[in-house]
Undergrad: 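Have a look at this one.
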Amino acid sequence: MKHTVLRFTPSERWMHNVVMFNFILLLVTGLGMIYFNVSAQVGDARGFLVSAHKVFGVLLMAVPLIIFVFGNKRIWLENIRVVLRFGMTDIKWFISQTLTPFLSNVNVPDADKFNAGQKAWISIAFLSTVSLMVTGIIIWQTESAILPLFIHTGVTILVTPALAGHMFMALINKDTRQGVTSIIDGEVDAEWATHHHKIWMDRMARERVMEQFRASDEKSEE
Ligand code: HEM
């Protein structure tokens with residue numbers, strides 16, 4: 001029988017999936033608007049895309065904020081701590097991953113809950129989403145916002161290949177696609193998790209032992 005571990009709590013899954021759906025729908029409606037602008041077509045279809053883009057934009061700002069405020073605060077802090085802890089091991093991880101396709105005996109350092117590539121993607125996704133939100137609001141509220149429109153389009157063009165890379169790793173790449181269940185029911189194969197996130201798995205095992213000690217201490221005090 002396969003053993004599984006909980007990789008993402010319901011708060012984390014809701015956050016990811018709300019951002020995922022809205023971000024992709026914003027990309028599709030945004031590209032549609034560019035098509036209508038380039039082909040100089042005006043009409044109901046363009047108007048519909050503009051309204052849909054605004055609705056998904058508002059949802060992308062409001063729903064994650066609600067999930068953040070009412071979600072599992074401990075897990076946000078833990079994730080932020082892991083992402084901000086970027087050191088030599090992460091640099092070694094990047095170098096060894098770059099060399100892996102060319103050299104067979106490369107030693108890839110163990111990763112925490114997120115490896116260096118994931119930490120980079122989290123930072124890119126967060127910073128680009130915030131800048132798209134800010135420039136999006138300015139474009140919506142201002143008559144001629146050339147610079148914000150330029151930044152809004154530029155950030156979209158830059159983040160799209162990174163998103164394509166993320167989707168490739170999640171859905172196609174043989175070694176990593178097993179983890180896709182983490183955004184559905186939160187569970188992943190324990191062996192897969194130990195191979196990809198050994199530091200995180202060791203930390204969780206230590207925390208479980210400590211919890212058991214605490215529980216038995218409390219029992220013996222009663
Ligand atoms: C079809 C689209 C997408 C799929 C299938 C997908 C899938 C996944 C999966 C499976 C994970 C967890 C990986 C693990 O267990 O380590 C993940 C994590 C994550 N996703 Fe997505 N995702 C998609 C779109 C997006 C979008 C649009 C964003 C944000 C703009 C996003 C941001 C993130 C972030 C920040 C993480 C945590 C870091 C990481 O694990 O890479 N994802 N995604």
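Order of listing sets the numbers, starting from 1, for every ligand and every atom in it.
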Undergrad: Any side-chain heavy atom of I91 within less than 4.5 Å of one from F86?
TA: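 Answer yes - side chains close enough.
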Undergrad: For atom 39 (C) of ligand 1, which of the options E12, R13, Q118 provides the nearest non-hydrogen atom?
TA: Q118
Undergrad: For ligand 1, which atoms sit closer than 4.0 Å to a heavy atom of G179?
TA: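 Selected atoms, number and element: 10 (C), 15 (O).
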Undergrad: Excluding waters, which protein N, O or S atoms are within less than 2.8 Å of atom 21 (Fe) of ligand 1?
TA: H16 NE2, H166 NE2
Undergrad: Below a 4.0 angstrom heavy-atom separation, can you tell me which part of T176, side chain or backbone, both or neither, approaches ligand 1?
TA: neither
Undergrad: Does L163 reach the side chain of L27, with side-chain heavy atoms less than 4.5 Å apart?
TA: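 Yes. Closest side-chain heavy atoms under 4.5 Å.
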Undergrad: Using a 4.0 Å cut-off to any heavy atom of I24, which atoms of ligand 1 qualify?
TA: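 Here the atoms of ligand 1 in question are 1 (C), 2 (C).
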Undergrad: Between N22 (side chain only) and V18 (backbone N and O only), is there a donor and an acceptor less than 3.5 Å apart?
TA: yes
Undergrad: Show me which atoms of ligand 1 lie under 4.0 Å from any heavy atom of V180.
TA: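 Heavy-atom distances to V180 below 4.0 Å select 10 (C).
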Undergrad: Less than 4.0 Å between a side-chain N and a carboxylate O, is that true for D112 and R203?
TA: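 Looking at D112 together with R203, the answer is yes, because their closest N to O distance falls below 4.0 Å.
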Undergrad: In residues 48-69, what donor-acceptor pairs under 3.5 Å come from side-chain atoms, sequence neighbours left out?
TA:
residue: S51; atom: OG; partner: G47; partner atom: O; Å: 3.1
residue: H53; atom: ND1; partner: L26; partner atom: O; Å: 3.3
residue: H53; atom: ND1; partner: T29; partner atom: OG1; Å: 2.9

Undergrad: Tell me the contacting part of V188 for ligand 1: side chain, backbone, both, or neither, using a 4.0 Å heavy-atom threshold, strictly below.
TA: neither
Undergrad: For H196, which residues count as a ring pair (Phe, Tyr, Trp, His ring centres under 6.0 Å) partner, sequence neighbours excluded?
TA: W192
Undergrad: Ignoring hydrogens and angles, tell me if any N or O in the side chain of Q118 forms a donor-acceptor pair with the backbone of N115 under 3.5 Å.
TA: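 Present.
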Undergrad: Between R74 and E78, does at least one N-O distance fall below 4.0 Å, as a salt bridge requires?
TA: yes
Undergrad: If you take all heavy atoms of F36 and A45, which pair is closest and at what distance?
TA: CZ-CB, 3.5 Å
Undergrad: Closest heavy-atom contact between L132 and H152?
TA: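 Looking at all heavy atoms of both residues, the shortest contact is O-CE1, 3.1 Å.
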Undergrad: For F8, counting its heavy atoms only, list the atoms of ligand 1 lying under 4.0 Å from any of them.
TA: 12 (C), 15 (O)
Undergrad: Is the shortest N/O to N/O distance between T129 and ligand 1 below 3.5 Å?
TA: no
Undergrad: Would you please name every residue forming a salt bridge (charged side-chain N to carboxylate O under 4.0 Å, His left out) with D202, sequence neighbours left out?
TA: K198
Undergrad: Identify, for atom 30 (C) of ligand 1, the protein heavy atom at the shortest distance, and state residue, atom and that distance.
TA: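 The protein heavy atom lying closest is F23 CD1, 3.5 Å.
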Undergrad: Tell me the protein heavy atom at minimum distance from atom 28 (C) of ligand 1, and give that distance in Å.
TA: W121 CZ2, 3.7 Å
Undergrad: Does the distance from a Lys or Arg side-chain N to an Asp or Glu carboxylate O, for E12 and K113, drop under 4.0 Å?
TA: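 The answer is yes: the pair qualifies as a salt bridge.
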Undergrad: Which one of I122, L163, V159 has a non-hydrogen atom at the shortest distance from atom 35 (C) of ligand 1?
TA: I122
Undergrad: Starting from atom 15 (O) of ligand 1, what is the nearest protein heavy atom, named by residue and atom, and what distance separates them?
TA: R7 NE, 2.8 Å
